[in-house]
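Position 1 is the first residue of the sequence, and the numbers go up from there. For the numbers below, each heavy atom of this structure counts, side chains included, while hydrogens, waters and symmetry mates do not.
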Amino acid sequence: AADLLAEVHLGCAAAHQKAGDLKAAAARFKAAGEAFAARAAAAKTPSARAELFRKAADCHRKAGDPTAALAAIDRIT
């Protein structure tokens with residue numbers, strides 16, 4: 001169930017964004033980014049870890065948090 005949390009937040013963020021509720025969308029993108037980062041930290045392979053941190057960075061960027069996005073990118077290597 002925890003593996004799906006990021007995707008649920010991401011889907012909700014997209015729905016909020018489409019509806020024009022940008023504040024709610026940003027909050028959901030942030031939550032998705034945090035969930036992807038948590039999954040990345042627990043990933044067993046470097047490629048899975050990199051992909052999840054990339055998704056986390058993208059979500060944080062969409063949430064308007066470039067600092068968190070860069071922190072996720074820094075953890076890819």
Side-chain angles (χ1 to χ4, degrees):
D3 287 348
L4 296 177
L5 185 59
E7 284 83 2
V8 169
H9 284 304
L10 194 56
C12 289
H16 285 301
Q17 191 174 41
K18 185 175 181 179
D21 189 351
L22 301 182
K23 185 175 180 180
R28 287 295 190 142
F29 278 126
K30 179 177 173 58
E34 291 168 355
F36 278 126
R39 284 178 54 195
K44 297 194 185 304
T45 66
S47 62
R49 191 174 309 112
E51 178 63 15
L52 291 166
F53 277 128
R54 186 201 59 76
K55 288 181 179 184
D58 187 51
C59 288
H60 285 303
R61 181 188 58 81
K62 289 178 179 176
D65 189 349
T67 302
L70 288 173
I73 289 169
D74 283 345
R75 294 187 69 188
I76 289 174
T77 56

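Atom CZ of R49 and atom CZ of R39 lie 13.5 Å apart (nearest 0.5 Å).
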Contacts table for residues 14-22: side-chain donor-acceptor under 3.5 angstrom, sequence neighbours left out:
from : atom 1 : to  : atom 2 : distance (Å)
D21  : OD1    : A24 : N      : 3.3

For residues 56-76, tabulate all N or O donor-acceptor pairs below 3.5 Å that involve a side-chain atom, not counting sequence neighbours.
from : atom 1 : to  : atom 2 : distance (Å)
D58  : OD1    : R61 : NE     : 3.4
D58  : OD1    : R61 : NH2    : 2.7
D58  : OD2    : K62 : NZ     : 3.3
D65  : OD1    : T67 : N      : 3.4
D65  : OD1    : A68 : N      : 3.1

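Across all non-hydrogen atoms, the minimal contact from L52 to A43 is CD1-CB, 4.3 Å.
Cluster annotation: F53 and L10 are assigned to distinct hydrophobic clusters (Ile/Leu/Val/Met/Phe/Trp/Tyr, side-chain heavy-atom contacts under 4.5 Å, transitive).
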Hey, mind stepping through E7 and F36 against side-chain contact (heavy atoms from CB on, under 4.5 Å) and telling me if it holds?
CA-CA 9 Å; E7 284 83 2; F36 278 126; 3.8 Å; yes
